[in-house]
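Structure first, commentary second.
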Amino acid sequence: MLDELQRLALETVQLNKQALIFLPSRASAEKTAEDIAKVLQFHLPELAETVEKALSNPTKQCQRLASCITKGVAFHHAGLVAKQRELIEDEFRSGKVKIICATPTLAAGVSTPAFRVIIKSLKRFSANWGMDWIPVLEYLQMAGRAGRPEYEKFGEAIVIAKDEKEKKEIYTRYICGKPEEIYSKLAVEPVLRTHLLSLIATGSIRDEKSMKDFFSATFWAHQYSDFTELENIMNRMLQRLETWQFVTTGKTKKSTGEFIAARELEEQKTALHATQMGKRVSELYLDPLTARHLLDSLAAFQRNDQKKKQERSDVFPLLFMICHTLEMRPLLRIKSKEEEKIQEELNQRYETLLEKEPSAYDAEYEEFLFAFKTTLFLDTWIQERDEDYLLETFDVRPGEVRAKLEIADWLLYASEELGKLQELREAVRELRKLRLRVKYGAKEELLPLLKLKGIGRIRARKLFLHGIRDLGDIKKADLATVHQLLGKALAEDIKKQVGEETIEIPKGTRKGQVSLEKF
DNA sequence: GGCAGTTCTATATAGACAGCATGTC
DNA sequence: CTATATAGAACTGCC
């Protein structure tokens, strides 16, 4: 017995057309793709191979995708690695892939029109409300993918209703309904903070008056009819920026005692300037709240570090620091099964963290735990566990792993920059190392080897296991040994790399000399 | 008793835009 | 609060 989606898919293929099927969750996208794969007859082994090779160690997810794509069907969601997503989109456009089962990622992203768009459900799980109707705008975005103007005169968008009643509701709600008002992004506090600081840093806003002028001209103000309330919000933001020491206002400064005209004095009182730190924060595109959090944590780290000099400093607190930010969201959620284990782990680690644990009754407590789990995940990554292990242990798919690593890298870079400006030497040193470790997913001991081009964590570990632990060891090592470990071309290449290194160190004095045998 | 197959139940749920300068298996 | 896929528990029936 075929279900409705299988039948629709089959029919689309028989028409020699393509379809895009939107589903509410990743699980259902994958499931549907597999169901459809069962009823299609295509055979595209070369695509399957590319999909599987996207990762060095294919995960279960990769294998499922591979077996679907052989049949001309693919699932598409944020859990996939960018490479795989691109491949799917390209092959859909080229016509080899006939059906894509996607979550709404695809609707918002690149242009992949299809003759037919099928929307399985217009409801989606939302944290606050349970299953709820999605916005009309989102429906339009999905339906808008139907039809490829260059090739076809029309396209079809099909919405599936589960019964007559739902059919009517969908009709009134979506077909006849108006898209909701576009709300201004400035209404979101973090965006407002960031924006305000950047305007002050660049000099576009120089005093309270120009601040009011600027914001009253925005779309935000246009929507927000109560201007007094709006002014209150702005002033509150401004005050925060001042307490965080990213901005100085006239009130902060002392009077110079010089004679100035009353009006100028008034202007000086309300003059707004970004501090040096404020400017850097703005250049880094950081939410000021995050920046403050990073600065405070770094200072705490530096203090702790000095307290226990002899102990090898632990990077876990720094990882937690970057995980407990708005930027890292959405954080890994804690399933009820693992709650106890995570709690236990937290109790062990708690002492070392750079901030206090909120009370268990606090609204922020859950967030704190999620951040902690996310930290455990990053920590596991830098212990050299592979993607499959992360998928099994944390239920994090490869695409999400990459996304989180990228954010982590960015935040570590930003922390490093802020640390430099504050002259937090030890913290900066640790951050620099940590950033490399996060990038490569490696333990600290591999860092010297990772400097080499062509050497990632896998090869570095291999060398390390054979007693080659740093650049000096590579110089000392026999070419044949390295050759055996890494292959001919790479062995010669890294020998050359360390060889050149010896030329560069004493700048100018030994120009052109290649001294391999010297070591 | 030991198992294979079945039904029941608990659980979880979409996504992405920043800086910077290139390269893992 | 409306759904649905999935993993694992609990249950069934068969030898």
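Chain letters run A, B, ... following the sequence lines, proteins first and then strands; every chain starts at 1.
- Judged as a side-chain hydrogen bond (donor to acceptor under 3.5 Å, both in side chains), and not counting sequence neighbours, A:K168 has no contacts.
- Interatomic distance, A:H324 NE2 to A:L369 CG, rounded to the nearest 0.5 Å: 9.5 Å.
- Rounded to an integer number of Å, the gap from A:L411 CG to B:dA16 C1' is 14 Å.
- When the nearest nucleotides of DNA chain B are assigned to A:R26 and A:K335 by heavy-atom distance, the more 5′-ward of the two goes with A:K335.
- The distance from atom CZ of A:F75 to atom P of B:dA14 is 14 Å, rounded to the nearest whole Å.
- At least one donor-acceptor pair under 3.5 Å links the side chain of A:K495 to the backbone N or O of A:I474.
- In DNA chain C, stems built from 3 or more consecutive Watson-Crick or G-U wobble pairs, each with both distances under 3.5 Å, span B:1-13 with C:3-15.
- Side chain of A:T380 to main chain of A:L376: a donor-acceptor pair is present (N/O by atom type, distance under 3.5 Å, no hydrogens or angles).
- The same atom, C1', is picked in C:dT4 and in B:dC17; the two are 31 Å apart, to the nearest Å.
- A salt bridge between A:K162 and A:E169 is absent, with no side-chain N of the basic residue lying under 4.0 Å from a carboxylate O of the acidic one.
- B:dT24 atom P lies 15 Å from atom CD of A:E387, rounded to whole Å.
- Checking side-chain atoms of A:E180 against main-chain N and O of A:L137 turns up a donor-acceptor pair under 3.5 Å.
- In terms of heavy-atom proximity, A:M277 sits nearest to A:Q245 at CB-O, 4.5 Å.
- Atom NZ in A:K451 sits about 18 Å away from atom C1' in B:dT24, given to the nearest Å.
- Remark: B:dC17 base-pairs with no nucleotide in the shown strands. Criterion, Watson-Crick or G-U wobble with two distances under 3.5 Å.
- In terms of heavy-atom proximity, A:W381 sits nearest to A:V438 at NE1-O, 2.7 Å.
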Which atoms of nucleotides 19-23 of chain B (N or O only) lie under 3.5 Å from a protein N or O atom, and what are those distances?
{"from": "B:dG19", "atom 1": "O6", "to": "A:D409", "atom 2": "OD2", "distance (Å)": "3.4"}
{"from": "B:dG19", "atom 1": "N1", "to": "A:D409", "atom 2": "OD2", "distance (Å)": "3.2"}
{"from": "B:dG19", "atom 1": "N2", "to": "A:R435", "atom 2": "NH2", "distance (Å)": "2.3"}

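- Contact annotation for A:A403: no contact, since no heavy-atom pair falls under 4.0 Å across all strands.
- Exactly one of A:E338, A:E367, A:E339 qualifies for a salt bridge (charged side-chain N to carboxylate O under 4.0 Å, His left out) with A:K373. That residue is A:E338.
- Residue contacts for A:S336: at a heavy-atom cut-off of 4.0 Å it reaches the sugar-phosphate backbone alone, with no base atom in range.
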Return a table of donor-acceptor pairs under 3.5 angstrom between the side chains of residues 483-490 of chain A and protein atoms on other chains or two or more places apart.
none

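- One can place CG of A:L447 at 13 Å from P of B:dT24, the figure rounded to the nearest angstrom.
- In this structure, the side chain of A:Q141 does not engage the main chain of A:A108 through any donor-acceptor pair within 3.5 Å.
- Here the CD-CG distance, from A:E366 to A:L331, works out to 10.0 Å after rounding to the nearest 0.5 Å.
- When rounded to the nearest whole Å, the span between CG of A:D493 and P of B:dT24 equals 11 Å.
- Using a 4.0 Å heavy-atom cutoff across all strands shown, A:E138 reaches at least one base atom of the nucleic acid.
- To the nearest 0.5 Å, atoms CG (A:D409) and CG (A:L434) are separated by 10.0 Å.
- Among the candidates A:E445, A:E444, A:E426, the single residue satisfying the salt bridge (charged side-chain N to carboxylate O under 4.0 Å, His left out) test with A:K433 is A:E444.
- Under a 3.5 Å cut-off, the side chain of A:T202 and the backbone N or O of A:L199 do form a donor-acceptor pair.
- Separating the P atom of B:dA16 from that of C:dA3 is a span of 27 Å, rounded to the nearest Å.
- For DNA chain B, none of the residues of residues 173-181 of chain A falls under the heavy-atom distance limit of 4.0 Å.
- On the P atoms, B:dG19 is 42 Å away from C:dC1, given to the nearest whole Å.
- If you measure from atom CG of A:L331 to atom P of B:dG15, you get 16 Å, rounded to the nearest angstrom.
- Look at CG on A:L418: it is 19 Å from P on B:dA18, rounded to the nearest Å.
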Quick test: give all pairs of protein nitrogen or oxygen and nucleotides 3-10 of chain C nitrogen or oxygen below 3.5 Å, distance rounded to 0.1 Å.
none

